[in-house]
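A note on names: the letters A, B, ... follow the listed sequences, proteins ahead of strands, and every chain is numbered from 1. In what follows, every heavy atom counts, from backbone to side chain, and hydrogens, waters and symmetry copies are set aside.
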Number of protein chains: 2
Amino acid sequence: MPVKAGERLDPEATRARILKAAAEVFGRRGIHATGINEVVEAAGASKLTIYKNFGSKEGLVEAVLTDRTHRVRAWHNSVVEQAPPGREQILAVFDLVASWYAETGFRGCAMMNAATEDRGQDGAPRRLARDHLAFYRELFERLLTQAGARDPGTTARQLVVVLEGATLISAVDQDPGLGAEARAIVETLLDSAL
Amino acid sequence: MPVKAGERLDPEATRARILKAAAEVFGRRGIHATGINEVVEAAGASKLTIYKNFGSKEGLVEAVLTDRTHRVRAWHNSVVEQAPPGREQILAVFDLVASWYAETGFRGCAMMNAATEDRGQDGAPRRLARDHLAFYRELFERLLTQAGARDPGTTARQLVVVLEGATLISAVDQDPGLGAEARAIVETLLDSAL
DNA sequence: CCTAGATGAGAACGATCGGTACTATCAATT
DNA sequence: AATTGATAGTACCGATCGTTCTCATCTAGG
């Protein structure tokens with residue numbers, strides 16, 4: 001039974017390091033365009049270690065996306081908890097994504113990008129993208145119900161459209177202004193829905 | 001392989017046939033995932049002809065996207081002309097995209113997909129995607145001005161967010177219902193903007 | 001000290017990629 | 001009939017891909 005090892009040889013840390021580096025290079029250059037050797041270089045890990053941990057490039061991609069969607073969900077749940085209930089909680093979600101748009105080299109939603117690259121296939125990227133959309137839908141529906149919306153389900157789906165549309169355009173146009181744009185749309189929709 | 005007299009040896013027709021086949025297979029499987037040999041098979045054209053016409057795969061991609069954005073713009077301009085001026089013209093745009101969502105195997109906007117696949121690069125796909133977004137922005141701004149909107153520029157950018165968001169989600173979820181979803185959002189935005 | 005496991009570095013493999021070269025065929029022109 | 005241009009079919013090239021394998025090194029535990 002292998003006990004906790006030192007630092008350099010800690011498998012958990014190695015795995016996390018590979019995930020972080022792979023997420024960065026996948027996001028920057030695209031998944032199909034990124035070779036395993038680029039992940040090797042970015043992570044400072046050997047191919048042996050990558051394939052021992054993730055089995056294949058496909059497995060690595062799935063692990064990266066799974067990690068990413070979990071982190072995004074945790075961030076959203078966190079900012080929602082810290083915002084005053086009602087309308088403010090919904091706007092807090094869009095303030096969070098607006099801060100992502102403002103990051104230099106923003107590349108859009110990793111899950112949507114992966115599903116788009118993998119189009120025609122019905123693998124993990126598409127499934128994770130759909131789950132990611134479902135998370136947003138359920139989050140918005142919950143917040144809208146609490147805020148007393150007339151039709152929380154419908155309005156929730158509308159907010160997801162706005163969120164993903166703004167994210168896509170912000171990435172394509174490299175324009176952080178889509179954060180304010182999305183917020184204005186949401187304000188109008190909430191005025192009509194609450 | 002029998003060659004139909006007078007048609008298949010027409011360079012214009014050959015070029016158009018390659019463009020159509022390439023657009024289909026690029027859209028269905030993705031650009032990076034599609035090899036030249038698949039285009040050869042789908043188009044019933046030889047590599048020689050493809051490279052004589054387009055120079056490289058990159059050139060073929062650019063030609064396919066250029067052709068696509070021109071066709072889309074023509075379709076939109078056509079349906080807008082046929083709709084009664086004002087609010088109805090704007091909704092006609094969304095009715096047109098809704099009919100695209102309803103096509104079996106809808107894969108989203110070719111220009112946005114290509115730009116997403118090419119992320120990190122600053123080539124033709126990204127430029128054409130930006131031009132495509134600019135077309136929508138200008139179309140909406142023109143129609144909104146004619147309809148007497150208070151802030152046509154701002155509302156136009158909002159409508160583009162809704163259009164691309166609905167397109168992306170419809171493709172990922174394979175859900176034609178995003179057409180009605182987008183239309184409902186647009187109705188609310190127009191109620192507020194006109 | 002010695003063993004075992006984790007890792008880094010990189011060679012090697014088969015497959016596939018974008019792209020080129022060559023040949024034969026067909027249609028229209030001369 | 002000969003010529004020319006466009007095309008299909010196919011073999012081929014170098015590069016790169018994902019993946020496996022080998023070997024040396026490092027660390028922790030016996």
Side-chain angles (χ1 to χ4, degrees), chain A residues 1-22 25-26 28-65 114 117-118 120-121 123-125, chain B residues 1-22 25-26 28-65 114 117-118 120-121 123-125:
Chain A
M1 185 80 59
V3 200
K4 192 179 291 182
E7 185 179 354
R8 242 184 94 116
L9 284 186
D10 178 5
E12 297 268 349
T14 300
R15 183 186 159 93
R17 179 164 45 97
I18 295 169
L19 277 180
K20 183 175 180 180
V25 64
F26 282 158
R28 178 161 44 84
R29 302 224 316 115
I31 294 175
H32 281 142
T34 300
I36 287 291
N37 286 322
E38 296 178 62
V39 178
V40 165
E41 194 176 355
S46 69
K47 288 189 181 185
L48 178 75
T49 306
I50 293 178
Y51 277 90
K52 264 203 174 301
N53 274 280
F54 304 101
S56 64
K57 183 184 178 182
E58 201 179 331
L60 175 60
V61 169
E62 179 171 352
V64 165
L65 294 177
E117 283 199 58
D118 227 29
Q121 309 244 32
Chain B
M1 194 72 66
V3 173
K4 196 186 287 184
E7 187 180 356
R8 282 177 70 137
L9 281 185
D10 177 8
E12 297 268 348
T14 300
R15 183 187 160 93
R17 178 164 46 97
I18 295 170
L19 276 180
K20 184 175 180 180
V25 65
F26 282 159
R28 178 161 44 84
R29 304 223 316 114
I31 295 175
H32 281 142
T34 300
I36 287 291
N37 286 322
E38 296 178 63
V39 178
V40 165
E41 193 176 355
S46 69
K47 283 192 182 186
L48 178 75
T49 306
I50 292 178
Y51 279 91
K52 260 201 176 298
N53 274 279
F54 304 101
S56 63
K57 184 185 179 183
E58 201 179 330
L60 175 60
V61 169
E62 177 170 352
V64 165
L65 294 177
E117 284 199 57
D118 226 29
Q121 309 246 31

Check the distance between [N]'s [atom2] and [X]'s [atom1] and give it to me in whole angstrom.
| X | N | atom1 | atom2 | answer |
| --- | --- | --- | --- | --- |
| B:Glu38 | C:dT16 | CD | C1' | 11 Å |
| B:Ile18 | D:dA6 | CD1 | P | 13 Å |
| B:Ile50 | C:dC17 | CD1 | C1' | 14 Å |
| B:Phe54 | C:dG18 | CZ | C1' | 16 Å |
| B:His32 | C:dT16 | NE2 | P | 19 Å |
| B:Lys52 | D:dT4 | NZ | P | 16 Å |

Presence of [X] side-chain N/O under 4.0 Å of [N] phosphate oxygens OP1/OP2:
| X | N | result |
| --- | --- | --- |
| A:Ser46 | C:dG10 | no |
| B:Arg17 | D:dA6 | no |
| B:Thr49 | D:dA8 | yes |

Measure from the side-chain N and O atoms of B:Glu117 to the backbone N and O of B:Gly30, and report whether any donor-acceptor pair falls under 3.5 Å.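 No; zero donor-acceptor contacts below 3.5 Å.
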Could you measure the distance from the CD atom of A:Glu41 to the CD atom of A:Glu38? Nearest 0.5 Å is fine. 8.0 Å
Value rounded to 0.5 Å, distance of CG in A:Leu19 from OG1 in A:Thr14: 11.0 Å
Taking the nucleotide of DNA chain D with the nearest heavy atom to each, does A:Thr34 or B:Asn53 sit closer to the 5' end? B:Asn53
Which pairs with one or both residues in residues 49-61 of chain A pass side chain to side chain donor-acceptor pair (under 3.5 Å), sequence neighbours excluded? A:Ser46-A:Thr49
Before you tell me yes or no, could you show the steps for A:Leu60 and A:Ile18 under side chain to side chain contact (heavy atoms under 4.5 Å, CB included), namely the whole-Å CA-CA distance, both residues' side-chain angles and the distance that decides it to 0.1 Å? CA-CA 9 Å; A:Leu60 175 60; A:Ile18 295 169; 4.1 Å; yes
For the helix from C:dC1-D:dG30 to C:dT30-D:dA1, measure the angle between the helix axis at one end and the axis at the other, each built from five pairs, rounding to 10°.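 What I find for the helix from C:dC1-D:dG30 to C:dT30-D:dA1 is an axis angle of 10°.
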May I have the step-by-step check of side chain to side chain contact (heavy atoms under 4.5 Å, CB included) for A:Phe54 and A:Glu62, ending in yes or no? CA-CA 9 Å; A:Phe54 304 101; A:Glu62 179 171 352; over 6 Å; no
So B:Val39 and B:Lys47, side chain to side chain contact (heavy atoms under 4.5 Å, CB included) or not? Walk me through it. CA-CA 9 Å; B:Val39 178; B:Lys47 283 192 182 186; over 6 Å; no
Heteroatom pairs (N/O) under 3.5 angstrom, protein to nucleotides 19-23 of chain D:
| unit_1 | atom_1 | unit_2 | atom_2 | d |
| --- | --- | --- | --- | --- |
| D:dT19 | OP2 | A:Tyr51 | OH | 2.8 |
| D:dT19 | OP2 | A:Lys57 | N | 2.7 |
| D:dT19 | O4 | A:Lys47 | NZ | 2.1 |

